[in-house]
Structure formats: C-alpha cells, structure tokens
Amino acid sequence: MTDEKLTTSGEQKIKHPWLAVLLSKIFPGVGQIYGGAKARGIFFIAFTIVLFLISALAVVGFLFTEDAATSRRLSVIALATFPVMLVLSIYVLFDAYKIAKRYNAEHVQTVADTGQRKPWLAAFLSSLFPGIGQFYNRQVLKGIAFIAVTVAAFILQAVFAPLFIFVLLVYLIGIKDAFDSAEALNGSGDRFFRQERAIVLLIVVIFSLQAIPFAEIIKDHVIKAFKMPSGSMYPTLKIGDHFLIGKTKSFRVSLKRGDVVVFPYPVNPEKNFVKRVIGLGGDKVQIINGELYINEQLVQLKKQGVQEEDDHLWLNTIGPPTVYEERIGDATYRVQYLRDKSTTNGGPWLVPQDAVFVMGDNRDNSQDSRVWGPVPRNSIEGKALKIYWSWDHADARVRWERIGETLH
C-alpha cells in the first residue's frame, strides 16, 4: 500500500482516516492530534479528563456525604456526565475521520488509493469485536473463529478475572490479523507491526489498560451493589432499596456494634443476608422481657410510635408495627416490633472472638443470629454504606426521598 504522497514542499505522509478513528476510539482527541489538529485534540483530551474527574469526585462525594439531599445532587451531577461523555466519544470518531481527510486534501497533491480493502478500517472494526474486521476482509470462517474465541475468552474472564489477559490477546491479535489480511488482499507486503512505533505502542498500551477489568476489581474489593429483597431490616431498609457496601479491609476490620453488614446466609451460602451487628467477639447478648442486653448492660430504647406508612401493610398481616429508637454506643437507628415485645426472651448468646452477633431491625420478622448463631467475621462481605436507588413495588414509584440516605 502506498504510504507517502508528494506535496509541493517534498514528501508528506498521508493521514489514514480510519487510523484517526481508531486512535480517537482509544481515547478522545488522540485521533485529532494524529490528523494534524493538535489544539483540537488537546482540547478533547482535557475535556474528557475534566468530565471523568467531575464524575469521580461526585461519586466519592455521594458515598461519603452524610446529608441525603447533597448526596442526591451529587448523584445527578455524576449521572449527567455519562451522556455527555457518550456523545463526545461518538462525535470525536466522526471528527477524527473528517480531520484526517481534510489534512490529505490540503497537504497531499495526489492520493492514489487503489487497494480493495482499507487496512485501518479492518483494524478499527476488529477493535469493536474481533472477527468483524475479518468479515470486512471477506474471511468468513476466520471471522467466525475469532468471534468464538473472543466469546470463550470473555467466559474465562467471568470465571476468573485475571484471565482478562486472554481477552486482551484475542483483541490485539484480531486487530493485527485484520490489518495484515487487508494489506495482503491489496497485494502489499506492509504489516501492522511495521507501522510507526509510537502508534503501535499506543494501541497496545491503551488496549491493555482498557482490558483490565477495573469494574470487577472494584466490585470484588472496594464497592459492591446490593438489593434489599425482604422486610427483615425495616424500617432501616425497605424492599426495593438498592444500596452500596464497602468491601475494603478497613471496613471489615473496623466493624463495630450498630453497623449494617452483608454476609452469606449460613444455611444457604448462595444467598446474601443483610443484618445489623449487635454483638462483637467476646460479648454476651441476651433478651429479657423484650429488652436487649449486651454484657449485662441494657441497650437504650426509646419508643417513637406506631408506623403509619403503607409499606408494612403488604409485608405482614399482624398489624402496624411499633417503632423504637435504639442506641448502641455511638450508633442510633430505628427498629420495629410487630407484637408486644415484653413477652420476648432469648439467650444468653456468647459471641466467639472471631464472630459477630447480628439481628434484623424488624425484630419479629427476621432470621438472624437468634436462630442460627453468630456470623464468622471472615465471611462478612462488607459494611452497608448508602442507598443509591429505591423502588416502591406496591405503588410502582421511585422513592426519591430515600436515595442518598446513609445507612446507620
């Protein structure tokens, strides 16, 4: 394939429009710089970085701001950046193509493009999904093979995240093969790794970074989303609440009485339970005449009144619950009882050093440590942090007032 065209001032390399598109797909603005519009490219790069930082700071603020109203405003800011970034990511592709074409029209006297296939278009198509570039090259069987191998690589990554390396290799090989095959079909001996080193290195490095499953890493080790499926944590958590838990080591190590935690259901580890930590290792927990005692000390309880909300009507048939404010150490939260709690007795339960004693806030409608005993500390997935979405199934509406609530 002819790479260079003559201009009035000497030799000038042609700018391949589809390479510009591929580079701007990798990162908005890079294709514009390659196409000769340096200032425009820098603007797109800076704008993308600013949008990312705004989104990241809004997410961090949402997680750690105590005020629910402020959290909701921050969530709107974070969400608003996504459509802007999506539109930008699409626009820069078309813009990069036009800039490269304009560069060629202005700087190159004659452009001879006699090839049957455009190598960088084939490479770009395979960057979308390995195999598409091969179809473009009319290599149907090879395209099917690349698609099958890519799907298999994604399955392996889903089973074991570090196997993302296979996904990366399939993508890079797919891009290289699509480019090389297009060149071969054109009767050219040019190949992918004979292109400008800076361009090839940029493609390999950025694709390598993009292949790292950051979302899975964050979900497994930092923050994870959960949905409340039952009413065992009323009134703190309602059915339809979606909330985030912190999974870092600091959250798990620093657990204290009053924290809301997520852990595998001891009877069926395939399910996750959400409960409140009542007792730590070494504690003695006991219920006497409906009063909760920890290490022989009465837990403070203050009656708030009867729950008047409609939510409880479809959760049980016992009657409207009575709500109390309970305080353990620095933690203050609400619990509810569906019947006369003064007749309730339980324990004493002695909590092993490597475990915690948990209870649901809906005290008469919760399977917890009173039934199947303490929960091993090392099985706790994380600490509940904040509600990020809430859907009222009964009234088919969003509970906007609950979004952003910090879980105590």
Side-chain angles (χ1 to χ4, degrees), residues 24-30 41-93 95 157-158 161 164 206-207 209-229 233 236-252 254 259-262 272 274 381-393 395-408:
S24 272
K25 174 184 176 294
I26 290 174
F27 199 95
V30 179
I42 292 174
F43 169 77
F44 282 132
I45 289 173
F47 189 45
T48 301
I49 293 173
V50 168
L51 285 175
F52 174 79
L53 290 175
I54 290 173
S55 177
L57 291 173
V59 169
V60 172
F62 173 84
L63 289 173
F64 294 101
T65 300
E66 290 287 331
D67 181 63
T70 302
S71 292
R72 285 193 288 272
R73 286 192 289 269
L74 289 170
S75 68
V76 171
I77 293 173
L79 291 172
T81 61
F82 288 108
V84 176
M85 293 181 72
L86 177 61
V87 171
L88 175 66
S89 65
I90 296 173
Y91 173 78
V92 293
L93 302 183
D95 186 66
Q157 178 184 314
F164 76 89
I206 299 299
F207 262 94
L209 292 174
Q210 291 180 349
I212 298 174
F214 289 110
E216 291 297 321
I217 294 172
I218 291 172
K219 185 175 73 173
D220 291 340
H221 302 286
V222 184
I223 295 286
K224 190 173 182 179
F226 279 90
K227 176 184 177 181
M228 192 64 199
M233 281 296 292
T236 302
L237 283 166
K238 299 183 178 183
I239 294 176
D241 281 347
H242 296 245
F243 61 97
L244 300 170
I245 70 167
K247 298 194 64 173
T248 61
K249 184 178 180 181
S250 61
F251 282 121
R252 288 179 292 176
S254 62
D259 286 345
V260 178
V261 295
V262 173
N272 286 303
V274 186
E381 283 214 43
K383 173 186 173 182
L385 301 176
K386 185 160 291 194
I387 297 171
Y388 70 91
W389 180 253
S390 185
W391 178 256
D392 187 336
H393 293 272
D395 295 332
R397 69 177 184 89
V398 178
R399 302 188 188 102
W400 297 107
E401 71 281 0
R402 293 187 63 76
I403 296 176
E405 281 194 13
T406 302
L407 297 174
H408 295 293

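Quick caveat, the model's predicted, so the values are computed rather than measured.
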From [X] atom [atom1] to [Y] atom [atom2], the distance as rounded to the nearest 0.5 Å:
{"X": "Thr248", "Y": "Ile218", "atom1": "OG1", "atom2": "CD1", "answer": "12.5 Å"}
{"X": "Ser390", "Y": "Glu405", "atom1": "OG", "atom2": "CD", "answer": "8.5 Å"}
{"X": "Ile26", "Y": "Leu209", "atom1": "CD1", "atom2": "CG", "answer": "10.5 Å"}
{"X": "Thr81", "Y": "Leu86", "atom1": "OG1", "atom2": "CG", "answer": "11.0 Å"}
{"X": "Thr70", "Y": "Phe62", "atom1": "OG1", "atom2": "CZ", "answer": "11.5 Å"}
{"X": "Thr236", "Y": "Asp241", "atom1": "OG1", "atom2": "CG", "answer": "10.0 Å"}

Check step by step if side-chain contact (heavy atoms from CB on, under 4.5 Å) holds for Ile223 and Leu63. CA-CA 10 Å; Ile223 295 286; Leu63 289 173; 4.2 Å; yes
Whether Ser71 side chain and Thr65 backbone form a donor-acceptor pair below 3.5 Å: yes
Which atom names give the shortest non-hydrogen contact between [X] and [Y], and what distance separates them?
{"X": "Trp391", "Y": "Arg399", "value": "O-NH1, 3.4 Å"}
{"X": "Gly240", "Y": "His393", "value": "CA-NE2, 4.0 Å"}
{"X": "Gly29", "Y": "Ser24", "value": "N-OG, 3.7 Å"}
{"X": "Phe82", "Y": "Ser55", "value": "CZ-OG, 3.9 Å"}

For residues 44-54, please give each side-chain donor-acceptor pair under 3.5 Å, one per line with the distance, not counting sequence neighbours.
unit_1: Thr48; atom_1: OG1; unit_2: Phe44; atom_2: O; d: 2.8

Is there side-chain contact between [X] and [Y], with heavy atoms separated by less than 4.5 Å?
{"X": "Leu57", "Y": "Ile77", "answer": "no"}
{"X": "Ile387", "Y": "Met228", "answer": "no"}
{"X": "Ile245", "Y": "Phe226", "answer": "yes"}
{"X": "Val260", "Y": "Val274", "answer": "yes"}

Check the pair Thr406, Lys386 against side-chain contact (heavy atoms from CB on, under 4.5 Å), reporting the backbone distance first and the verdict last. CA-CA 4 Å; Thr406 302; Lys386 185 160 291 194; 3.2 Å; yes
Salt bridge (charged side-chain N to carboxylate O under 4.0 Å, His left out), that's the test. Do Asp392 and Lys238 meet it? Break it down for me. CA-CA 9 Å; Asp392 187 336; Lys238 299 183 178 183; over 6 Å; no
Going by the angle between their ring planes, with limits at 30° and 60°, are Trp389 and Trp400 parallel, tilted or perpendicular? perpendicular
Pairwise side-chain hydrogen bond (donor to acceptor under 3.5 Å, both in side chains) hits with a residue in residues 209-227, at least two apart: none
